[in-house]
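Read the numbers this way: they start at 1 and go in the same order the structure lists the ligands and their atoms.
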Amino acid sequence: MLPRTIQVGELAKAFDRSVVDVMQALVNLGLMVTINQTVDFDTAALVAGELGIEVMLEEQPTVAEAEAEEATPAVREALWTDDDPSRLRERAPVVTVLGHVDHGKTSLLDAVRQTNITARESGGITQHIGAYQVEHKGRKVTWIDTPGHQAFTAMRARGAAVTDVAVLVVAADDGVQPQTVEAISHIRAADVPMVVALNKIDRAEADPDRVKAQLAEQGVTIEEYGGDVPLVPVSAKTKQGLDDLLDVVLLVADVRELKADPDRAAVGNVIEAHIERGRGPVATVLIRTGTLARGDLVVAGTAYGRVRAMIDDRGKTINKAEPSRPVEILGLPDVPEAGDVVRAVPDEKTAKAAVEEEQRRRAEGVAGERPATLDEMFAQAKEGKAKELKIVLKADVQGSLEAIRGSLAKLPQEEVGLNVIHAAVGDITESDITLAAASNAVIIGFNNKLDAPAKRVADQMQVDVRLYKVIYELLDEVQKALVGMLEPVMVEQVLGHAEVRQTFTSGKTTIAGCMVVDGLVRRGAQARLLRGGAPVYDGRIGTLKRFKDDAREVAAGLECGLTLEGHNDVATGDVVEAYAVQAKARG
Ligand code: GDP
């Protein structure tokens with residue numbers, strides 16, 4: 001049994017063969033991959049064939065289950081609790097466009113929109129509401145109007161994995177560029193199927209073969225080269241290839257069997273929101289499941305209100321919005337945030353409870369939901385929970401990046417696998433942080449720094465960023481993470497203070513008659529003896545008594561008698577400071 005995609009290292013394990021055997025089989029198939037790269041089931045099956053092993057595709061979770069897995073608990077609950085399988089209907093795929101700057105993302109979005117408006121709508125005025133829907137051969141496709149991986153991953157980090165198909169725009173005359181590489185990592189981390197739109201094919205300088213080879217270098221193997229990524233040559237300028245692109249997007253969507261229940265209460269995500277004079281808060285919502293109707297009571301993030309009006313991407317007022325339909329809604333008391341869940345509720349009581357629940361969840365912080373730091377990963381590795389340590393790796397120069405990548409791949413990965421989800425040269429940027437946040441990855445920087453906006457976002461999203469200047473230290477810490485043994489920081493916590501008021505002797509032992517002045521003292525607790533404020537002893541509290549009885553703890557305001565283990569030099573006026581030392585995850 002194999003999953004839909006698997007890392008080469010894992011594949012070797014699954015086959016009980018050496019990595020070398022598997023790599024050799026891949027080479028025989030004409031594929032050059034590294035141990036950390038992921039291959040799809042079809043490729044794995046071919047490798048199995050080479051090795052004379054039989055394999056089967058593991059039972060796949062439904063799309064709903066997979067999305068629920070990705071979503072935060074709140075989204076999960078809202079989205080999928082009462083979907084009745086018998087009522088599920090096909091829904092339009094939601095597409096996001098990504099790629100390097102100036103490769104034509106915006107132009108492509110505009111061209112797709114212009115060429116696919118239905119006759120009925122052609123009189124309408126184009127409204128940029130954050131997403132739009134087009135019709136192609138009688139089927140609908142929803143396009144998110146904000147291109148780029150920052151927006152894509154920021155939504156995902158907030159639990160709103162709305163994209164079904166990612167269109168990677170690569171200019172045929174410019175080829176794979178840094179942001180193309182970034183976009184590929186972001187798409188992969190989201191585990192969303194990819195379609196390459198080879199744009200600007202009209203230009204004389206267009207060199208499709210060069211781009212295809214560059215994509216292969218990034219591990220994106222297009223169908224023509226035996227891979228599973230469709231590539232469609234297009235021109236946003238001449239509109240050439242746009243029909244093919246839509247055909248392919250729908251084909252890819254069909255494989256995912258995208259479904260939703262139009263007959264239930266609506267659940268959607270905020271795509272964008274702002275306040276408008278005369279209209280109040282305006283939010284564009286993409287309906288995920290159910291149908292939203294005018295007049296519905298909705299909870300959006302930490303506010304609720306009645307949908308006063310709904311306007312579609314043509315500026316038309318509508319009364320109902322079905323799954324995958326983007327609509328602007330009016331009537332919310334507040335401006336929600338992009339990614340917030342919007343859901344219809346039956347009454348105010350439910351609305352109030354949902355808002356309170358959401359406020360509580362936010363107050364507790366997002367961190368509770370994710371094991372985002374290296375230390376939490378260590379802890380999970382120890383408990384055998386974490387199977388994979390995801391890393392976003394940034395280094396100063398290509399040379400060190402390759403060296404670190406190579407060394408990381410050689411680290412033993414028996415207990416926990418290592419997955420470098422993105423590796424690139426340069427400082428750590430905001431987009432790296434959102435990628436890490438959305439993917440539960442840690443960020444490792446070598447000889448570089450966090451830029452100021454990235455630092456702010458890292459603090460906000462509580463992403464673990466580790467900067468190194470020495471490769472050895474970097475490898476050492478990651479290795480420790482992999483075996484779950486990074487030493488935690490020992491943090492001291494003072495339990496309380498007791499003033500020595502009198503001393504007694506019993507045999508050779510000095511008993512200190514004390515008054516607990518703050519906190520508490522505990523039998524067996526670590527303790528210091530302070531004389532004139534300076535420690536003269538550091539050990540443990542031996543016996544502890546209240547009057548004649550043994551006591552476990554004595555709290556402030558009470559008298560007690562205590563002894564210090566192995567120490568009899570105690571005098572009136574000394575202070576006993578009881579403390580505890582706790583192992584705390586390093587932050
Ligand atoms: P974005 O930064 O990826 O959104 O790129 P834009 O859509 O803003 O396009 C960048 C530039 O490329 C603009 O000057 C466009 O007119 C031009 N452009 C976009 N698509 C094409 C195309 O298919 N052919 C040609 N010749 N130019 C294009």
Side-chain angles (χ1 to χ4, degrees), residues 94-117 126-134 136 141-156 162-163 165-188 190 192 194-212 214-215 218 220 222 224 229-249 271-272 284 313 326 338 422 424 426 429-432 434-435 453:
V94 178
V95 184
T96 299
V97 173
L98 304 92
H100 193 71
V101 64
D102 279 348
H103 278 197
K105 299 180 291 297
T106 314
S107 309
L108 189 69
L109 278 165
D110 288 346
V112 165
R113 185 175 178 137
Q114 281 164 23
T115 43
N116 291 280
I117 34 177
T126 297
Q127 300 286 318
H128 283 272
I129 64 169
Y132 65 81
Q133 229 176 23
V134 296
H136 178 69
V141 182
T142 304
W143 296 74
I144 301 285
D145 216 355
T146 318
H149 47 273
Q150 281 90 342
F152 170 78
T153 301
M155 290 281 282
R156 204 161 68 78
V162 298
T163 305
V165 180
V167 169
L168 178 71
V169 176
V170 189
D173 59 345
D174 197 29
V176 170
Q177 294 296 330
Q179 284 167 296
T180 318
V181 177
E182 260 184 38
I184 293 169
S185 300
H186 284 237
I187 296 167
R188 277 207 188 115
V192 169
M194 185 194 311
V195 172
V196 176
L198 187 63
N199 192 34
K200 307 200 187 184
I201 204 73
D202 60 287
R203 299 210 52 179
E205 299 87 345
D207 187 351
D209 288 335
R210 184 173 137 250
V211 182
K212 290 172 191 173
Q214 289 174 331
L215 285 168
Q218 297 301 325
V220 177
I222 59 167
E224 189 190 334
V229 180
L231 178 142
V232 188
V234 296
S235 165
K237 190 174 170 196
T238 67
K239 316 279 196 282
Q240 172 192 345
L242 296 186
D243 269 358
D244 299 339
L245 181 63
L246 280 151
D247 280 342
V248 170
V249 163
I271 300 295
E272 61 176 49
T284 298
D313 55 343
H422 177 57
T429 62
E430 202 175 321
S431 137
D432 296 324
T434 38
L435 175 62

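The main-chain N or O of Gly99 is found under 3.5 Å from a side-chain atom of Lys105 such that the two form a donor-acceptor pair.
For the residue pair Asp110 / Ser107, no side-chain donor-acceptor distance below 3.5 Å is found, with atom types taken as modelled.
For the pair His103/Val169, a side-chain contact is recorded, criterion being any heavy-atom separation below 4.5 Å from C-beta on.
Counting only residues at least two apart or on different chains, the salt bridge (charged side-chain N to carboxylate O under 4.0 Å, His left out) pairs with a member in residues 142-153 are Arg113-Asp145.
Here CG of Leu245 is found 13.5 Å from NZ of Lys239. Values are rounded to the nearest 0.5 Å.
Classified by interplanar angle (parallel below 30°, tilted 30° to 60°, perpendicular above 60°), the ring pair His186/His149 is tilted.
Residues of the protein with a heavy atom under 4.0 Å from ligand 1 are His100, Val101, Asp102, His103, Gly104, Lys105, Thr106, Ser107, Asn199, Lys200, Asp202, Arg203, Ser235, Ala236, Lys237, listed by chain and number.
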